[in-house]
Structures are given as structure tokens and as C-alpha cells.
4 protein chains.
Amino acid sequence: MVAAAARLVGEVGMAGISMDLVAQRAGVSKATIYRRWASKEELVIEVMRRFVEPTAAPDTGSVAEDVRQFAVALAQRFAHQRKSDVLPHLVAAACYDESLRAALDHYSRSRQSTIREILRRGVRRGELPADYDIDVAVDMLLGAFLYRRLMSGGSLSADVAARISAILVPAPSTADPSVRRR
Amino acid sequence: MVAAAARLVGEVGMAGISMDLVAQRAGVSKATIYRRWASKEELVIEVMRRFVEPTAAPDTGSVAEDVRQFAVALAQRFAHQRKSDVLPHLVAAACYDESLRAALDHYSRSRQSTIREILRRGVRRGELPADYDIDVAVDMLLGAFLYRRLMSGGSLSADVAARISAILVPAPSTADPSVRRR
Amino acid sequence: MVAAAARLVGEVGMAGISMDLVAQRAGVSKATIYRRWASKEELVIEVMRRFVEPTAAPDTGSVAEDVRQFAVALAQRFAHQRKSDVLPHLVAAACYDESLRAALDHYSRSRQSTIREILRRGVRRGELPADYDIDVAVDMLLGAFLYRRLMSGGSLSADVAARISAILVPAPSTADPSVRRR
Amino acid sequence: MVAAAARLVGEVGMAGISMDLVAQRAGVSKATIYRRWASKEELVIEVMRRFVEPTAAPDTGSVAEDVRQFAVALAQRFAHQRKSDVLPHLVAAACYDESLRAALDHYSRSRQSTIREILRRGVRRGELPADYDIDVAVDMLLGAFLYRRLMSGGSLSADVAARISAILVPAPSTADPSVRRR
DNA sequence: AGTTAAGCGAGACGGTACGTCGTGTCTTGTG
DNA sequence: CACAAGACACGACGTACCGTCTCGCTTAACT
């Protein structure tokens, strides 16, 4: 069921999926699907939860470097056209469906744990100011990727990833104290 | 026609709109609409082009302050639930429709002109480094808003807007030369 | 189980009944019902067998009067909208289901015993000709009721009942010999 | 559409018909069917209206003979298993659907015109008493056929038809005046 | 001025997917 | 060990939009 949906996401993308199709492929009745998920969107969230493994958290000793590596890895994720079409669809659907909204929030929350952990470590170690706003930073990092992918149409090369992380967490290169103090 | 669509966007949101409904409201036949727009999405882009006036570009003399004001103004934009549901829908639709993709790109490009101008001015004046990556910065600013609104579910207060712009363009408060030089 | 079905027939009529509903009401699992009856129709036949008591056979000494009384009593039976919807449903279902057909035939046969007895008595006493076709007469009597109720939409008053029986078994009132002789 | 439905009635009978099937066979969308008929039952009534031509009215000069001929012709109609399953289904469905009820009434009314005309002629000519209850007689005649076909399970031979009509309109064989006068 | 052409409203149409319901079978867990 | 509880495959239901299409009617331009 989830597996069939996952396969279909890969084959025809979010737009090509219908409940009838999933049911047929999974050898399952539509009613059975609806018994578990309220919509194909919630089903697809389940797909992501199960089939998209979280990015590993690097620990190089430097926040700036950790963030950079994380960002580069993330950029690669967005390469696959088909699969990265899923998220925009879910986001749009969540605008009209409260329960989907909740499910998506929960999912995105869980997916942010890696980058949040990296940043928290930075604060702990003193590499980032104590009042560093992790929420906002995460929004900026992931938002930049999303926006670039969906709106700007720009590339998502490793270089771009690096530049984004550089703005987010300025490299302490020449022992720049300006950030830490404030 | 566009006016009727605009009214409907306000009343029932993107999800509640159908071509039949627009046609009926505009006192127009569906065929006539299709003669001008390929889909309701392209029609709605037209709506935005006509009815969403661009944010004014502040010019306070300081990039940091300009960006801050711009961000705060933008944050207010995202307040209206109904209307800000439109963009995600268009973004999702653009994933499957090349021509819509183009129309949306064109639109978003034109909407970025204000913030790009602000940043370009900053570079010209030397407040920002000569190699400041405006593309990336714009992605981070707008992406942060989008992501926060759609995924994080966080608030979009003036305070948050200020913090975002602070990360993007560190205030030169105490004549900090570190950013400029590099 | 049968009792629950009977109650439901009274409440929601044949159309509103489903096996799930009967099961729930009877506090029984569907499987248990299917173990005993092949369909809800056969279950309902059981209901009729148990809960619809046969019309009493009058014996006034005159066939014509007996038939009249029987017909009037029968007419009252058809008054209840809800309950008399059951039979048409069963009849229709029996067209496609051989075993149901048999069950229904058996039931209707048993229900005709009263009127057949009345007519047989008439023949025995010589009030009806020896070659009187009881089968046909029964069909005409019951058929007239059924048809009137279901197709003509006419009323089923005592008066109508009387007129039907009068045609079937002409009253020997004024020593009319025409029927007997032939 | 109606033609496709007619063909299907012949092939799979009333029970085997579904709106999806009719739509597919007619090369038409379900919505189009529903635009014209509220249910498959009303569609089938249309089928009967168009494809079942009315029985011709015999005029032999004698009511008794006219009725006999009509009855015999009618009996042949009921021969085809498949097709005569349709009516019971419609009758049952009409019990739960007011508008179908009306449509069916209208149809059956129009189908009775032949036999009614025959009987009216009999009254006009004085072969039947002036107060002869045509409504009741029609119910008895058609009802007998219906009942025999659906409930009794008896045959519908020409002989049976003749016997039914004999009871309904006693042959005036030996110039029996008893009926006419009254 | 009369005729013709274009443009449009109205809305029917073939399709596709929806989400729900009922059936009859089959499995699981409990008393 | 039987049975309630209920999950399940199947298939029909009736609805909603989509995008295309054919009708007439209007209005304008061109005879």
C-alpha cells in the first residue's frame, strides 16, 4: 500500500497519482486506503516518512563546516525532479486541509532535527551567540533551498549550498568576534 | 473576468475556484476564458499581476534598514490567510506545467525587483561586499518567509522579519568592517 | 436476529436495511447472519413467516361472503406503506436468485392456503362449479390487490375489495343460476 | 444511450446493468446520463416506452372475444424471461422513489389504454353493465398475469389467458341477461 | 441597407477522479 | 470452539471539474 504509493510517486509523480491507481497497484480496495489515510496527500506523507531516510548529521568540530556539509547534502536531495515535486503539492494541499497541515508540520519538524542539532551544538560550544535564533536560521536555510528550487529556478549546486551556509553561519575564519558578541 | 476571479480568490480561496464558477461570476462563457488563459492558474497569475501592487522601495540611506523595512512590509503581506494560499497552489501547479512555470517565474522575477534594487544599492554604496551574492540573498529572504509561513507554521511578526534581515545584512552598527572587507 | 430485522423493516423499510445494520442491531456478526441466510431477502422472508400471522378463514356459509370478508381483511393489510414495500422488493430480487425464488414461492403458497380453502369449500358445497379453476381465481384475487397497490396506484378500500370479490365469485343473491350451471 | 440501455437489458437483464456500463456502451459519460434520467430505473422506463410497442386492439364485435385475444397476446409477452424481469425491478424501486413512482404510473397508464378501450366499447355496446368497474377489471386482468408470473410461478399459456378473461367478462353465450340488466 | 462574418453566452458533452456505501468473505481475539 | 468485531476486495454509486464542442444571437464591417 505505502510501498505501491512510493513506487507510483517515482513513476508518475504526484500529479499522476490517483486513489484508484494506488488501490489497483497495491491490490487493495479504495475503502481500505481511506480507512487509514484521509487523502492521497496523507498517504504520501507516510511514504516520505518511511522511504526518505534522514540526512546524517556531520560533526566536524566546526558549526560552519557542519552546516556547509549538511547544506551540500541537502542540495543533492533536490536534484531528482519527480520526487521533489511532491513537497510543493503537499504544501499547497495543506493550505486547505487542517489535518494535513498538522501531519505535514509534524513531518517537517522531525526532518529538521538534524540541522537543529548542528546549530544547537554550535551555540553550546560558543561558536554561535547564545541568543542565536535557531528557528529563524532553519527557516532561512531550508526556505532558501525551497524557494530557489520552486520559484527562482536557480541551480542547487554545492557551491550555492556553500554560499547559503556562509551567510547563515559566517565562517569564523579570522577569529572574527563580531558575531559572537553582539 | 480577471476582476471576477480576483473577487473569488478573496471569497473562497484558490481551492474553491473552478472555471465554471469564474465564468458564471464574470457573466462569461468558459470558452472565452480558455481563449485567453490556459488554466485557472494562469488566470490567477494575471490577477496577482493586476491587483497586488509591488512593495514600495524604502531608501533610508542604510541597506540594513532598507532591508529591514522591506521585510517588515512583506511580513504584513503574508498575514491574510486566504490570499497567501494562492502562491503555494501556483507553485505546486507549476511543477507539472511548463508554461505555467514560465509565467510564474516571470512574475516572481518582477516581484523581486524591489529587494534586488535595495541590495544592488547596498553593493554600489559599499555597504555590502562587491561579490555579495544577491541571488542567494534574495532566495534566503523570500524563502525564509515562504518556508516559515508554509512549513514551520511560525509567526511572521515584524520582530521575526527584523531578525531575518539582520542575518542577511548584518547591521554595521558599531562600524564593523568585517563584513565589508572579507 | 430475526427480531432485529423485523424491527428494522418497520423503522426504515426494506430499502434502508443493510446486513451491517441488522448485524449491529442484533448484536451479532455479519458472518453469523450469512451462516443462516443467504441474503437479506431470505432473512426478511423469515421475518414475514414469523411475524405476519395468516388471515383467519371466515366461514359464513356462503362462498361469496367468505371471499368478500377475506378480501376486505386483505385490503387492510396493504394499508401500511412501509411493510407492503417489502413484497415487491422480494419479488424483484427473486427474479435473479433461484433459491430466493423457491423460498418466496414456498412462502406465498403457504399464505394462499386460507383463500384456497375457502374456494375449495365453495366447490364442495356446489356453490362454485366443479371445474372452477382455483389457481386462476387466486391469482386474480391476489394479483388484483398487488397490481392495484403497486401499479395502478388506486385505493384499496373495503368497497374495492368487495367489487373484486364480486367479479371473482358472483353473489348468488337472487338465485342466479348462470354461474353454477354453465 | 437509450438504445445502448435497451441492448443491455436484453443481454444482462436489469440486475446486470450499471450506469457505468451503460455509459461505456453508449460511448457517453455518466454525467450525461444523469443529466437526463435520475436513475437507471427511469432510463429503463424510457427504454420500454420506446422499444415495447403497445398491443394492438382487436375488434371482433364481441367484448368477451376481444378480451380473450388481448389476454392471449399479453401472455405471450411475458414469455421472455429476461425482459419480464424488468417490471418487478421497477415496481420495487418505485416504492422508494416518488418520482419514479410517477413515471411508472404514467407509463402503466398509457399501456392500459388498449384494454380500457376494449372494455369501454363493451359497456357502450351494452355487452357489459353500465356500472361495470373498468378500473377494477383492468387491475384483475393485469394483476393476474403479474402475480402468476412473479408469485405463483404458474404457466402463462393461452389457455390460462382464456380462463382469466372468461372470469372477467363472462361469455354471453346463451344470451344470459342477468349481467346486463341488474 | 443588407449581408456576412466574427465573437460571444450558454451550456451540453466525454472524461477522470472523487469519496462513500453495501456485499459477502475471511481473520483475529475473547469468553 | 463459537462467535463479535471488524478488516478486506470488489464494484456501483452520484458528484465535481476539466477542457472541448456546438449552438444561436448579437454586433460590426463590408458589400
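Below, chains carry the letters A, B, ... as their sequence lines are ordered, and counting in each starts from 1. Side chains included, hydrogens not; waters and symmetry mates left out as well; all remaining heavy atoms used.
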Salt bridge flag under 4.0 Å for residues D:Asp20 and D:Arg25: no

Atom-to-atom span, CD of A:Glu42 to P of E:dC18 - whole angstrom: 14 Å

Atom pair distance, as rounded to whole Å: CD in C:Glu41 and C1' in E:dT23: 11 Å

Rounded interatomic separation in angstrom, taking CD1 from B:Ile17 and P from F:dC18: 10 Å

Between F:dA7 (C1') and C:Asp20 (CG): distance, integer Å: 12 Å

Rounded interatomic separation in angstrom, taking CD from A:Gln24 and P from F:dG11: 12 Å

Separation of atom CZ in B:Arg25 from atom P in F:dC17, rounded to whole Å: 14 Å

Under 4.0 Å protein heavy-atom contact, by nucleotide of nucleotides 9-16 of chain E - B base, S sugar-phosphate only: BB-SBBB-

Closest to the A:Tyr34 side chain, choosing from E:dG19, F:dC13, F:dC18: E:dG19

Whole-Å gap separating P (E:dT25) and CD1 (C:Ile33): 13 Å

Rounded distance in Å - CG (D:Asp97) to P (F:dG14): 10 Å

Degree of bending in the helix from E:dA1-F:dT31 to E:dG31-F:dC1 once both end axes are built from five pairs, to 10°: 0°

